[in-house]
Amino acid sequence: VPEQALDRDCTTLSRHVLQQTVKTRNAPSLLSPEAQDISAIMNRIALAGKLIARRLSRAGLMAGVLGFTGEVNVQGESVKKMDVYANDVFISVFKQSGLVCRLASEEMDKPYYIPENCPIGRYTLLYDPIDGSSNVDINLNVGSIFSIRQQEGEDLDGEAADLLQDGHKQIAAGYILYGPSTVLVYSVGDGVHSFILDPSLGEFILAEEHIKIPEHGPVYSVNEGNFWQWEESLRDYTRYVHRHEGYTARYSGALVGDIHRILLQGGVFLYPGMLNKPEGKLRLLYESAPLAFLIEQAGGKASTGMNRLLDVVPDKLHYRTPLIIGSPKDVQLVESFIQDHAKRN
Ligand code: P6P
């Protein structure tokens, strides 16, 4: 077997994270508490990903996996059985971790506290357990999005006020894409790295290090069904890409797959604000901020249209913002339409 293949087989996620954390956090050695912590947390996230991937691969064959629970979540969205399963998987894999004291998820009104880990728990996991779950029943790609923040203070009132800080406070962020293969993409602040799950090994194996998003790409990814709900600036942007050669529309209805395409091929993903919902749909703390952290680490940009996404400070856990994210040149083009309109009005 060529040397290269052997080396790749040996670069598992846990080894890579340790190396990365040491480089990024100026940790003195692989044995520093923080390097070990982040590596252990990433391993738990990988375990959650494996459990979710396995369930998704059998969803059509097992009773009780597809379809809706009949409940409505804090977002006002119908809850899919897979949403509940995936949410609980993350909680259960972290219960035994000893590291994470709180989990804040799109599916839960309040954070979930792991009492045996609190208050010493040093970290909080913010996550969207299954993003794009409407795709589950039609066997299209879905994803999990995660973000790790340091626990600050005791949070004795359960309000998790220390989580209401900007995206620069993230220690690590990434996503798991459940597609033809299961891909985990993460960053601890020193570039973006991807891993592919080898089901025969049960390991995420390094696929690509220091992924760089193209400066410009052909893809614009947006739900044009909302066209008449947008501000005029976004409609003008859409007319521009319709008229100019070299643009192509790609939109799957599941954020992680759309972002992964933009990361690898370049272009821009947009979920703008709308006339009746100026804040848009996507949640800051466990969707936009982790993806913004990652895309900036890959050399891209992430914006609300008016501000850098990572600078946004939420005033509540389920805070939403418009999101424009992807290749620098393509994000700047959208921002130019928005800001030119703002100047004129
Ligand atoms: P729309 C899925 O519900 C999600 O949160 C993202 O995964 C996706 O990008 C977006 O909403 C799709 O929303 O309004 O275009 O169906």
Side-chain angles (χ1 to χ4, degrees), residues 49 52 56 66-69 71-87 104-108 126-147 173-179 183 185 219-231 234-235 237-238 249-263 265 267-292 294-295 300 302-305 309 314 317-326 331 334:
I52 292 167
L56 285 168
L66 298 178
F68 294 89
T69 61
E71 286 130 41
V72 173
N73 67 13
V74 65
Q75 319 292 342
E77 295 163 345
S78 303
V79 177
K80 310 271 309 198
K81 292 172 186 166
M82 200 58 213
D83 287 322
V84 173
Y85 173 82
N87 194 64
S105 145
E106 169 174 315
E107 296 302 325
M108 300 189 293
L126 298 108
Y127 64 113
D128 183 354
I130 286 283
D131 183 84
S133 56
S134 56
N135 277 0
V136 171
D137 293 5
I138 51 171
N139 196 33
L140 289 183
N141 67 275
V142 290
S144 300
I145 306 171
F146 58 86
S147 169
Y175 56 78
I176 302 168
L177 174 59
Y178 309 100
V183 176
V185 180
V219 173
Y220 71 100
S221 185
V222 66
N223 182 345
E224 293 198 40
N226 298 325
F227 183 86
W228 293 109
Q229 289 300 315
W230 296 336
E231 297 281 346
L234 268 301
R235 294 204 283 263
Y237 164 75
T238 307
R250 290 286 184 274
Y251 192 75
S252 75
L255 181 57
V256 172
D258 288 332
I259 294 294
H260 193 61
R261 180 191 293 112
I262 297 287
L263 172 66
Q265 297 175 354
V268 61
F269 174 93
L270 309 90
Y271 206 104
M274 290 180 274
L275 298 177
N276 60 349
K277 266 181 86 176
E279 72 280 8
K281 174 180 183 182
L282 300 180
R283 279 59 53 152
L284 177 69
L285 284 172
Y286 34 77
E287 286 177 317
S288 302
L291 296 175
L294 207 68
I295 290 296
S303 162
T304 63
L309 199 286
L317 203 54
H318 299 289
Y319 187 79
R320 299 170 194 247
T321 67
L323 175 65
I324 298 150
I325 185 170
V331 172
V334 180

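Numbering of ligands and ligand atoms starts at 1, following listing order. From a predicted model like this one, the values you see are computed outputs, not experimental measurements.
Checked by distance only, ligand 1 and N226 stay at 3.5 Å or farther apart across all their nitrogen or oxygen atoms.
The number of heavy atoms from other shown groups lying within 6.0 Å of CG (N139) does not exceed 12.
Of the possible donor and acceptor atoms, one in the side chain of R235 sits under 3.5 Å from a partner among the backbone N and O of W230. Side chain of H318 to main chain of M108: a donor-acceptor pair is present (N/O by atom type, distance under 3.5 Å, no hydrogens or angles). Counting only distance, with no hydrogens or angles, the side chain of T304 and the backbone of L323 share no donor-acceptor pair below 3.5 Å. Remark: the backbone N or O of N87 is paired with a side-chain donor or acceptor of Y127 at under 3.5 angstrom.
The protein atom (non-hydrogen) at minimum distance from atom 15 (O) of ligand 1 is Y251 OH, 2.5 Å. Among protein heavy atoms, the minimum distance from atom 14 (O) of ligand 1 is reached at Y271 OH, 2.6 Å. With hydrogens left out, the protein atom closest to atom 13 (O) of ligand 1 is K281 NZ, 3.0 Å, a heavy atom.
The closest side-chain donor-acceptor pair between D131 and Y175, if any, does not fall under 3.5 angstrom. A side-chain donor-acceptor contact under 3.5 Å links Y178 and S144.
Listed by number with element, the atoms of ligand 1 under 4.0 angstrom from any heavy atom of G253 are 2 (C), 7 (O), 8 (C), 12 (C). Against a heavy-atom cut-off of under 4.0 Å, A254 is close to the following atoms of ligand 1: 7 (O). Heavy-atom contacts of G132 reach the following atoms of ligand 1: 2 (C), 7 (O) (cutoff under 4.0 Å). Of all atoms in ligand 1, numbered sequentially from 1 with element shown, those under 4.0 Å from a heavy atom of L255 are 6 (C), 7 (O), 8 (C), 9 (O). The ligand atoms of ligand 1 that sit less than 4.0 angstrom from a heavy atom of E287 are 5 (O). Listed by atom number, the atoms of ligand 1 under 4.0 Å from R283 heavy atoms are 5 (O).
Between F269 and Y251, the ring planes lie parallel to each other; the angle is under 30°, not in the 30° to 60° tilted range.
In this structure, of D258, V222, D131, the residue bringing a heavy atom nearest to atom 6 (C) of ligand 1 is D131.
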